Undergrad: 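To start, I am sharing the structure in question, which I have written as C-alpha cells.
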2 protein chains.
Amino acid sequence: MEIEPTYRDLIKELKEKKIRLSYQRVKILDYLNQHRTHPTADEIYTGLIAEIPSLSKTTVYNSLNSLVKANLIQELTIEDNENRYDIVTETHGHFKCEECGRIYDFKVELDSFNPEELKDFQINQKGVYFKGICKKCLETNQKNLQNEE
Amino acid sequence: MEIEPTYRDLIKELKEKKIRLSYQRVKILDYLNQHRTHPTADEIYTGLIAEIPSLSKTTVYNSLNSLVKANLIQELTIEDNENRYDIVTETHGHFKCEECGRIYDFKVELDSFNPEELKDFQINQKGVYFKGICKKCLETNQKNLQNEE
DNA sequence: TTCTTTATTGTAATCATTACACTTTATTAT
DNA sequence: ATAATAAAGTGTAATGATTACAATAAAGAA
C-alpha cells in the first residue's frame, strides 16, 4: 500500500524511463521502500510470496535488474555470495557487521571526489563499503565476557 | 621466482602470523605479487597449474582464505559473481570498467574518515568501489562511431 | 480488435565457492 | 632420527545465487 508521498513521483519516473509499472514491480519497489534493511532477492521474494502467490523468483531477479538499470534502486555488492538492494540511490556508505550481518548506512560526500588517476574516465557509480563489528555486537561480546568470569 | 626484495619480509610476516609457508601458498603470493591485475581464484589457478600440476582449485580457495585472514592479501568484492585478490593491503580505491572489465587502482585517503554514524563501531576494513567506463573504452567507442559514419 | 512488444513464470542450467573425507606434508616431542 | 600430532593439499560431490530459455500472459499501439 502507501508508498508514501513519493508514490506519484515514482510512477512518473518509471514512465519516463520506459519501465512498465507492472503489479509485481510496484510491489517490489513498495517492499524496498518499507524495508530499509537492504534485503536480498530471496528476502524480497519471501516477503511478497504471501501477497502475490504466483510470484516467481525469476521475476524478482528480472524486476530488480530492470529497476537497477532504470536507476530507481541501487544494487549493493558487499558480500560475494549475494546482492542486496536499496531504494535510496544517492551515494552513501554501507557498513556490514561481520558478526550479525546487519548493514548500516552512513553519510559520505564523494560527489566532489574525482581522483587524478580517473581523469578522463566516466564514473557512473561510487560505492563505499566498510566492514567490522557493530556497536550492538561489541556490547554483547562484552557482556558475554563478564558472564564467563 | 624473485618475489622482489620483500621476499624475506613476507616469510617473516607469515611466520609471525602462524601461517605455514607451504609451496603452494608461496606460489600464490608470488603470482599475486607479479600480477597486479586483481585476479580471480580461477585466474590464479590457471596461471599456476602449469608450474604446479598437482594444484587443486580447492587449495587455491583455501590458501586465499588463509592469506586474507592473515591480512597478507586483500579480498575485493566488486562483482557479485566472483571475488578478486590484491596483494596490496593498504586502503585504496578500485575502479571497474563496466565495458572491458579491467580494474584500476586509485588513491583514497580514508584513514581519518570516521563517520559519526559509526562512532563506537569497530571498523576493520574500508573499501571504495567506483564503476563506469575507462578511458581506453571511451576512446575505442569514439573511434567506432567515426568509422560508422 | 488485432498486432507487437514487454513481462511473468517454471524449470533447467551455470558457475563460483564450500564441504567432506582422505592423503600428504610439516612440526613437535621423545 | 623417529614416532606422534597438527596443518595443508587434493578430488569429488554438494550448495546456492543467479541466469537462460521457452512458453504464457499482459499491456500498449495501430
Side-chain angles (χ1 to χ4, degrees), chain A residues 11-12 14-31 38-70 72-85 96 101 103, chain B residues 11 14-31 38-70 72-85 96 98 101 103:
Chain A
I11 295 177
K12 200 175 145 205
L14 284 165
K15 280 241 172 94
E16 277 168 4
K17 307 229 177 184
K18 287 173 189 165
I19 291 284
R20 279 195 193 163
L21 194 63
S22 73
Y23 178 69
Q24 288 85 342
R25 290 182 181 177
V26 174
K27 285 296 176 188
I28 289 172
L29 275 174
D30 188 9
Y31 185 91
H38 319 87
T40 63
D42 193 70
E43 284 167 355
I44 296 168
Y45 172 78
T46 306
L48 291 176
I49 190 65
E51 200 180 349
I52 317 171
S54 74
L55 187 64
S56 165
K57 208 175 258 187
T58 301
T59 299
V60 176
Y61 280 108
N62 287 341
S63 300
L64 288 171
N65 287 336
S66 298
L67 297 171
V68 167
K69 262 186 206 141
L72 289 184
I73 63 174
Q74 203 182 358
E75 190 176 63
L76 309 181
T77 307
I78 302 178
E79 298 295 324
D80 61 307
N81 64 326
E82 58 182 18
N83 275 344
R84 295 179 168 275
Y85 296 89
K96 164 127 186 184
I103 290 164
Chain B
I11 296 177
L14 284 165
K15 281 241 171 95
E16 277 167 6
K17 306 228 178 184
K18 286 174 189 165
I19 290 284
R20 280 194 193 164
L21 192 63
S22 75
Y23 178 68
Q24 287 86 341
R25 290 182 181 178
V26 174
K27 285 296 176 190
I28 289 172
L29 276 174
D30 189 10
Y31 184 90
H38 319 85
T40 62
D42 193 70
E43 285 167 354
I44 296 168
Y45 172 78
T46 305
L48 291 176
I49 190 65
E51 200 179 352
I52 317 172
S54 75
L55 187 64
S56 166
K57 208 174 257 187
T58 301
T59 299
V60 176
Y61 280 107
N62 288 340
S63 299
L64 288 171
N65 287 336
S66 297
L67 296 172
V68 167
K69 263 187 205 138
L72 289 185
I73 63 175
Q74 203 183 358
E75 189 176 64
L76 309 181
T77 307
I78 303 178
E79 298 294 324
D80 61 306
N81 64 326
E82 57 181 19
N83 275 342
R84 295 180 168 275
Y85 296 88
K96 166 129 186 183
E98 291 169 321
I103 290 164

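Atoms considered below: every heavy atom in the structure, side chains included; atoms not considered: hydrogens, waters and symmetry mates. Chain naming here is simple, since letters A, B, ... match the order of the sequence lines and numbering starts at 1 in each. Quick caveat: nothing in here was measured; it's all calculated off a predicted structure.
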Undergrad: For the residue pair A:Val60 and A:Gln24, establish whether any side-chain heavy-atom pair is separated by less than 4.5 Å.
TA: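 No, every pair of side-chain atoms sits at 4.5 Å or beyond.
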Undergrad: Students often get this wrong, so: under 4.0 angstrom with heavy atoms, is A:Ser54 touching a base, only sugar-phosphate, or nothing?
TA: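 Here A:Ser54 touches the backbone only, sparing every base.
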Undergrad: Kindly say if B:Asn65 contacts the phosphate of C:dT18, meaning a side-chain N or O under 4.0 Å from OP1 or OP2.
TA: yes
Undergrad: Spell out yes or no: do the side chain of A:Thr58 and the base of C:dT11 have one donor N/O and one acceptor N/O closer than 3.5 Å?
TA: yes
Undergrad: Has B:Arg84 got a side-chain atom pairing as donor or acceptor with B:His38's backbone, closer than 3.5 angstrom?
TA: yes
Undergrad: To the side chain of A:Arg20, which of C:dT5, D:dT10, C:dA16 is closest?
TA: C:dT5
Undergrad: For the pair made of CD1 in B:Ile44 and P in C:dA16, what is the distance, rounded to whole Å?
TA: 13 Å
Undergrad: Strictly below 4.0 Å: does B:Ser22 bring a side-chain N or O up to OP1 or OP2 of D:dG9?
TA: yes
Undergrad: Calculate the interatomic distance between B:Arg84 atom CZ and C:dT17 atom C1'; express it in whole Å.
TA: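 So the CZ-C1' distance, B:Arg84 to C:dT17, works out to 15 Å.
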Undergrad: Whole-Å distance between C:dT8 C1' and A:Arg25 CZ?
TA: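 Atom-to-atom, A:Arg25 to C:dT8, this comes out as 9 Å.
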Undergrad: Please determine whether side chain to side chain donor-acceptor pair (under 3.5 Å) holds for the pair B:Thr77 and B:Asn83, giving the CA-CA distance in whole Å, both sets of side-chain angles, and the decisive distance to 0.1 Å.
TA: CA-CA 5 Å; B:Thr77 307; B:Asn83 275 342; 3.3 Å; yes
Undergrad: Round to the nearest Å and state the distance from A:Tyr61 atom OH to C:dT11 atom P.
TA: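 These atoms are roughly 17 Å apart.
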Undergrad: Have a look at A:Thr59 and say if it touches a base, only the backbone sugar-phosphate, or nothing, with a 4.0 Å heavy-atom cut-off.
TA: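 Answer is base: heavy atoms of A:Thr59 come under 4.0 Å of a base.
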Undergrad: Nearest whole Å is fine: how far is C:dT17 P from A:Glu79 CD?
TA: 13 Å
Undergrad: Only one of A:Val68, A:Leu76, A:Ile28 forms a side-chain contact (heavy atoms from CB on, under 4.5 Å) with A:Tyr85, so which one is it?
TA: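 The passing option is A:Val68.
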Undergrad: Where the side chain of A:Gln24 is defined as all heavy atoms beyond and including C-beta, which of D:dA17, C:dG10, C:dT8 is the nearest nucleotide?
TA: C:dT8
Undergrad: Looking at A:Leu48, is its backbone amide N or carbonyl O close enough to the side chain of A:Glu51 to form a donor-acceptor pair, meaning the two atoms are under 3.5 Å apart?
TA: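 Not a single qualifying donor-acceptor pair exists.
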Undergrad: For the pair made of CG in B:Leu21 and P in D:dA7, what is the distance, rounded to whole Å?
TA: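 Atom CG in B:Leu21 sits about 17 Å away from atom P in D:dA7.
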Undergrad: Without decimals, in angstroms, what is the distance between B:Asn83 CG and C:dC15 C1'?
TA: 14 Å
Undergrad: Report which part of the nucleic acid A:Thr40 touches: base, sugar-phosphate, or nothing (heavy-atom distance under 4.0 Å, all strands).
TA: nothing
Undergrad: Taking the nucleotide of DNA chain D with the nearest heavy atom to each, does B:Ile52 or A:Lys57 sit closer to the 5' end?
TA: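 Looking at the nearest nucleotide for each, B:Ile52 comes out on the 5' side.
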Undergrad: To the nearest Å, give me how far apart CG (A:Asp80) and P (D:dT18) are.
TA: 11 Å
